[in-house]
Protein chains: 2
Amino acid sequence: MATTSRAEHTRARVLDAALRTFAEGGLAGLTIQAIRDRCGVSVGSLYHHFGNRDGIALALYERSLLALLDRIQADALRTRSAKGLIRAMIVAYLDWVEANVDAARFLFAAPAELDPLASPALVQRKRARVLPLAQRALEHAAAGEVASLPPAYYELVVIGQVAETARRWLGGEPIDLGEARTILARTAWRALQP
Amino acid sequence: MATTSRAEHTRARVLDAALRTFAEGGLAGLTIQAIRDRCGVSVGSLYHHFGNRDGIALALYERSLLALLDRIQADALRTRSAKGLIRAMIVAYLDWVEANVDAARFLFAAPAELDPLASPALVQRKRARVLPLAQRALEHAAAGEVASLPPAYYELVVIGQVAETARRWLGGEPIDLGEARTILARTAWRALQP
DNA sequence: TGTACATCAGTGAACGCGCGTTCACTGATGTAC
DNA sequence: TGTACATCAGTGAACGCGCGTTCACTGATGTAC
């Protein structure tokens, strides 16, 4: 094991336990004691690694968000056409949400008590994953394949639709995510028509 | 004053105080004591009218949500064309958010600890305001003005874009809401093209 | 209209629980020579 | 390779604060006759 490995292992165990704790009791149930009971790590150790309760929540938020963005980026950058790019983003988003229901729920819930944008490190890591996609969108726009918009709107238009869909599905509304992939790929593509 | 008027007045005072309290301290700062300090209503009276803390939060959520939906419905049902309908929904949404920043923030934050769908009365009141709009969308679809989609998607596609925009603007991202009205009205309209 | 009664609205002291956090400490691991 | 030391990782009892909630009560308002 490398130098930091024991610490990394402990941190991962804690975050896994935190996610399961959130899944069962929501944000209000995400207490130091509940996490501790689940992973057997001592209270002092939790503070050693994460500073305080918010530190745990923020670390879990960061791990979840970057996993989602990595997945979207990997799938999206593999495409060539503008239509393929948009479709890949939507499919990757819903794939990830379906495979990581608890983490997705946490991503939607956490900002209510956390303000993740208050962490410059996280903002930067997020930007590093979003910018290449925005870059691609701008190239497609320059080639006349999609409409020319202020850069922020590509994300708003595409992610807005799919995030709202995911949010409601996670909230228990009867939505067929298979059907949603097809329909949203089309509506998002149409939305960006020049 | 009518029979229930004193109670109604007290309830309104409490909800106003709760909203201001939330605006200053977030969900975590929304405590019984903080609300009480702000409006001067006694603890016992709070429990008399709202049952418990969640009852206050739910009542505030309901008041805010219905205000937003009433505003959207009023503006949207005044339109004739499909394009006008979509534009009216987007403009009304952003108008309301801009004029009710704190309430909008609360609407986005509250579900993290509340699950408003657990209240059948609220679900029904919400549905009563959303259904007429969905009905209009279906009529426009039948007339060939917009694409035919499973009914839920009209809301997902239009509201998704504008809600994501509002959420980010409320979160402090530098978004020009005037520009957003124009752009989103166009992207949402295009998204629903047959 | 006046009176007796029932219900609604409001009060505030008191309680106990559980929460986040601290801290003095031990054990494990890495580093220098 | 062995030893001494420094740093990192982990422990768990203890603390105090502030939270939501209860409850016995008073005052205000509405109702019946």
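- Partners of B:T182 under the side chain to side chain contact (heavy atoms under 4.5 Å, CB included) rule, at least two apart in sequence or in another chain, do not exist in this structure.
- One interatomic measurement links the two molecules: CZ of A:R6 to P of D:dT7, which rounds to 17 Å at whole-angstrom precision.
- The shortest heavy-atom contact between A:A185 and A:R87 is CB-NH1, 3.6 Å.
- The CZ atom of B:R11 sits 11 Å away from the P atom of C:dG10 (whole-angstrom rounding).
- Scored by the salt bridge (Lys or Arg N to Asp or Glu O under 4.0 Å) test, B:R125 finds B:E62 as partners (sequence neighbours excluded).
- Following rounding to the nearest Å, B:L46 (CG) and C:dG10 (P) show an atom-to-atom distance of 10 Å.
- For A:D70, the side chain to side chain contact (heavy atoms under 4.5 Å, CB included) partners two or more places apart in sequence, or in a different chain, are A:R129.
- Contact check for B:L177 versus B:T165: side-chain heavy atoms found under the 4.5 Å cut-off.
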Which donor-acceptor pairs under 3.5 Å do the side chains of residues 99-109 of chain A make with protein atoms, sequence neighbours left out?
{"residue": "A:N100", "atom": "ND2", "partner": "A:W96", "partner atom": "O", "Å": "3.0"}
{"residue": "A:R105", "atom": "NE", "partner": "A:L170", "partner atom": "O", "Å": "3.4"}
{"residue": "A:R105", "atom": "NH2", "partner": "A:L170", "partner atom": "O", "Å": "3.1"}

Pairs under 3.5 angstrom only: tabulate donor-acceptor contacts from the side chains of residues 152-160 of chain B to other protein residues two or more places apart or in another chain.
{"residue": "B:Y153", "atom": "OH", "partner": "A:E179", "partner atom": "OE1", "Å": "3.4"}
{"residue": "B:Y153", "atom": "OH", "partner": "A:A180", "partner atom": "N", "Å": "3.3"}
{"residue": "B:Y154", "atom": "OH", "partner": "B:A147", "partner atom": "O", "Å": "2.7"}
{"residue": "B:Y154", "atom": "OH", "partner": "B:L149", "partner atom": "N", "Å": "3.0"}
{"residue": "B:E155", "atom": "OE1", "partner": "A:R168", "partner atom": "NH1", "Å": "3.4"}
{"residue": "B:E155", "atom": "OE2", "partner": "A:R168", "partner atom": "NH1", "Å": "3.0"}
{"residue": "B:E155", "atom": "OE2", "partner": "A:R168", "partner atom": "NH2", "Å": "3.0"}

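- Of the residues in residues 52-64 of chain B, those placing a heavy atom less than 4.0 Å from an atom of DNA chain D are B:N52, B:R53, in numerical order.
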Distances under 3.5 Å only, N/O to N/O: pair up the protein atoms with those of nucleotides 22-26 of chain D.
none

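- Regarding B:F50, its CZ atom lies at a distance of 15 Å from the P atom of D:dG20, rounded to whole Å.
- Rounded to an integer number of Å, the gap from NE2 of B:H9 to C1' of C:dG10 is 14 Å.
- At D:dA9, one or more side-chain N or O atoms of A:H48 fall inside 4.0 Å of OP1 or OP2 (strictly under the cut-off).
- Applying a 4.0 Å cut-off to non-hydrogen atoms, the residues of residues 26-42 of chain B that approach DNA chain C are B:V41, B:S42, listed by residue number.
- Minimum heavy-atom separation, B:K126 to B:L66: N-CD2, 4.5 Å.
- Minimum interatomic distance between B:V162 and B:I90 (heavy atoms only, all atoms of both residues): CG2-O, 4.1 Å.
- At the phosphate of C:dG10, OP1 or OP2 sits under 4.0 Å from a side-chain N or O atom of B:H49.
- With sequence neighbours left out, B:R53 forms a side chain to side chain contact (heavy atoms under 4.5 Å, CB included) with B:L30, B:I32, B:E113.
- Ion pair B:D16/B:R63 flagged as a salt bridge, since at least one NZ, NE, NH1 or NH2 atom sits closer than 4.0 Å to an Asp/Glu carboxylate oxygen.
- The salt bridge (Lys or Arg N to Asp or Glu O under 4.0 Å) check on A:R71 picks up A:D75, A:D95, with sequence neighbours excluded.
- The side-chain hydrogen bond (donor to acceptor under 3.5 Å, both in side chains) analysis of residues 184-194 of chain A, with sequence neighbours excluded, yields the pairs A:Q161-A:T187.
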Dot-bracket summary - DNA chain D, pairs being Watson-Crick or G-U whose distances fall under 3.5 Å, with | when paired to another strand
.||||||||||||||||||||||||||||||||
